[in-house]
Amino acid sequence: MRDEQATLNAGADFGLCLQAGVNVYLHGNLGAGKTTFTRGVLRGLGFSGKVKSPTYTLVEPYQLMINQETVDFYHFDLYRFADEEEWEAAGFREYFNPQSLCLVEWPDKAGSLIPSADIDIYLNLAGKGRSARLSANTRLGKQCLERFIAA
């Protein structure tokens, strides 16, 4: 992805493959484009309001229509977690359910306590742009990536 707009576009295209019950984990250093990619995902899913970074709030909730179904979309940023016990104390486990869609930046900060990812996305700075590697870990994740590739 050559620039910020390309990252937004990639996120928007990726968003079209998503459905309720999917957990997507975003990996990459500061400035790799995790929040920008998520903004694109939300735009692709039809959200037109302001997309805030959850760096200080830890989670930003959105309600979206996906496949004619209302879906709770949660954008997490766990960068500020000092240890994985903060995950449990925050009460986020209930957000991960078949009726919601969760995108998590810095999932490693929750250690082994966070539910498994259906899809991992690794974003890296590459020259003046960014590169992305997507990996499906579950049947649901594979179905999403197949739709993404076919589009």
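Side-chain atoms are counted along with the backbone in the values below, which use heavy atoms only and exclude waters and symmetry mates.
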Do the side chains of [X] and [Y] join up, straight or via other hydrophobic residues, at under 4.5 Å, putting them in one cluster?
| X | Y | answer |
| --- | --- | --- |
| Leu8 | Leu16 | no |
| Leu140 | Phe96 | no |
| Leu113 | Phe92 | yes |
| Val22 | Leu26 | yes |

Using the test side-chain contact (heavy atoms from CB on, under 4.5 Å), find all partners of [X] that sit at least two apart in sequence or belong to another chain.
| X | value |
| --- | --- |
| Glu60 | Lys52, Pro54, Thr57, Tyr62 |
| Thr70 | Gln63, Met65 |
| Glu69 | Ala20, Val71 |
| Ala117 | Tyr25, Asp120, Asn137 |

When you compare the side chain of [Y] with that of [X], does any pair of heavy atoms fall below 4.5 Å?
| X | Y | result |
| --- | --- | --- |
| Thr35 | His75 | yes |
| Ser100 | Phe73 | no |
| Leu123 | Ser131 | no |
| Phe76 | Thr38 | no |
| Asp108 | Trp106 | yes |
| Tyr79 | Leu30 | yes |
| Phe14 | Val24 | yes |
| Leu125 | Asn29 | no |

(request) Give a yes or no answer on whether the side chain of Glu88 reaches the backbone of Glu85 with a donor-acceptor pair at less than 3.5 Å. (result) no

Below 3.5 Å, can you tabulate the donor-acceptor pairs from side chains in residues 142-151 to any protein atom, sequence neighbours excluded?
| residue | atom | partner | partner atom | Å |
| --- | --- | --- | --- | --- |
| Arg147 | NE | Cys17 | O | 3.2 |
| Arg147 | NH2 | Cys17 | O | 2.7 |
| Arg147 | NH2 | Gln19 | OE1 | 2.7 |

Using a 3.5 Å cut-off and no angle test, enumerate the donor-acceptor pairs between side-chain atoms of residues 39-49 and protein atoms at least two apart in sequence or in another chain.
| residue | atom | partner | partner atom | Å |
| --- | --- | --- | --- | --- |
| Arg39 | NE | Val51 | O | 3.3 |
| Arg43 | NH1 | Phe47 | O | 2.9 |
| Arg43 | NH1 | Gly49 | O | 2.9 |
| Arg43 | NH2 | Gly49 | O | 3.1 |

(request) Establish, from distance only, whether the side-chain atoms of His27 and Glu105 form a donor-acceptor pair under 3.5 Å. (result) no

(message) Parallel, tilted or perpendicular: which one describes the rings of Tyr95 and Tyr74, with boundaries at 30° and 60°?
(response) perpendicular

(request) Drop me the distance from Arg93's CZ to Trp87's CH2, to the nearest 0.5 angstrom. (result) 7.0 Å

(request) Would you give the length of the straight line joining atom CG of Leu134 to atom CD1 of Ile121, rounded to the nearest 0.5 angstrom? (result) 4.5 Å

(request) For residues Ala136 and Gly141, report the shortest heavy-atom separation together with the two atoms involved. (result) CB-C, 3.6 Å

(message) I'd like to know whether Leu78 forms a side-chain contact (heavy atoms from CB on, under 4.5 Å) with Val104, so could you lay out the CA-CA distance, the side-chain angles of the two residues, the decisive distance to 0.1 Å, and finally the verdict.
(response) CA-CA 7 Å; Leu78 306 182; Val104 183; 3.8 Å; yes

(request) Applying salt bridge (Lys or Arg N to Asp or Glu O under 4.0 Å), run through Lys109 and Glu84 and close with a yes or a no. (result) CA-CA 6 Å; Lys109 298 283 189 161; Glu84 65 184 40; over 6 Å; no

